[in-house]
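Please read the structure below before turning to the comments.
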Amino acid sequence: MPHSPEEKKRVLARVRRVKGQLAALEAALEEGAECGPVLQQIAAIRGAANGLMAGVLESHLREEFTSSAETTEAQRSSINEVISLVRTYLK
């Protein structure tokens with residue numbers, strides 16, 4: 001769960017975008033759209049969901065592992081590496 005009001009606002013905006021993309025996909029399917037655009041819309045939805053997952057996970061990792069005053073620069077660097085790997089994987 002996002003911990004700051006600005007993070008919460010960002011996450012909710014992403015959720016609303018995904019919701020809009022799903023509504024557009026539903027409309028395209030109801031209208032009998034061609035397979036190519038439908039597949040493209042599904043890929044966009046998957047990318048948006050992965051972006052949402054990466055954002056929430058990044059927020060969680062930063063909150064969980066860097067909130068302590070005892071966190072070293074090496075630990076922060078390790079967290080940044082993990083976040084980078086997760087974002088790469090979710091692309």
Side-chain angles (χ1 to χ4, degrees):
M1 178 68 192
H3 299 282
S4 73
E6 55 213 29
E7 286 179 33
K8 183 176 180 179
K9 185 177 178 181
R10 265 196 312 272
V11 168
L12 287 172
R14 279 185 175 264
V15 167
R16 290 182 185 115
R17 262 185 253 127
V18 171
K19 186 177 171 182
Q21 289 176 313
L22 284 169
L25 175 61
E26 182 180 13
L29 290 171
E30 287 176 350
E31 294 169 5
E34 296 291 322
C35 287
V38 167
L39 290 169
Q40 192 172 27
Q41 185 68 30
I42 293 168
I45 292 166
R46 182 182 61 195
N50 284 345
L52 175 62
M53 172 70 81
V56 172
L57 184 56
E58 177 179 347
S59 174
H60 173 70
L61 289 172
R62 289 193 190 285
E63 180 69 25
E64 194 68 26
F65 296 108
T66 63
S67 61
S68 169
E70 298 171 7
T71 304
T72 67
E73 191 56 41
Q75 289 169 323
R76 284 189 184 91
S77 179
S78 292
I79 295 299
N80 288 336
E81 283 183 39
V82 169
I83 290 168
S84 179
L85 286 171
V86 168
R87 285 194 174 276
T88 300
Y89 174 77
L90 291 173
K91 280 188 178 181

If you round to the nearest 0.5 Å, how far is CG of Leu90 from CG of Leu52? 10.5 Å
Linked hydrophobic residues, Leu12 as query - side chain contacts closer than 4.5 Å: none
When every non-hydrogen atom of Ala48 is compared with those of Arg14, the smallest separation belongs to O-NH1, 4.2 Å
Where do Leu61 and Ile83 come nearest, in terms of heavy atoms and distance? CD1-CG1, 3.9 Å
Using modelled atom types only, decide if a donor and an acceptor are shared between the side chain of Ser77 and the backbone of Glu73 within a distance under 3.5 Å. no
Cluster check Tyr89, Leu57: I/L/V/M/F/W/Y, side chain < 4.5 angstrom: yes
Ignoring hydrogens, what is the shortest heavy-atom contact between Val18 and Ala49? Give both atom names and the distance. CG2-N, 4.2 Å
Quick check: is Ile45 connected to Val15 through a chain of hydrophobic side chains (ILVMFWY, heavy atoms under 4.5 Å apart)? no
To the nearest 0.5 Å, what is the distance between CD1 on Ile42 and CG on Leu25? 5.0 Å
Strictly by salt bridge (charged side-chain N to carboxylate O under 4.0 Å, His left out), give each pair with a member in residues 38-64 just once, sequence neighbours left out. Glu58-Arg62, Glu58-Arg87
Please check this pair: side chain of Ser59 against backbone of Gly55, looking for a donor-acceptor N/O pair closer than 3.5 Å. no
Residue set satisfying side chain to side chain donor-acceptor pair (under 3.5 Å) with Thr72, at least two apart, ordered chain then number -> Gln75
Check whether Val38 and Leu22 end up in the same hydrophobic cluster, where Ile, Leu, Val, Met, Phe, Trp and Tyr are linked by side-chain heavy atoms less than 4.5 Å apart. yes
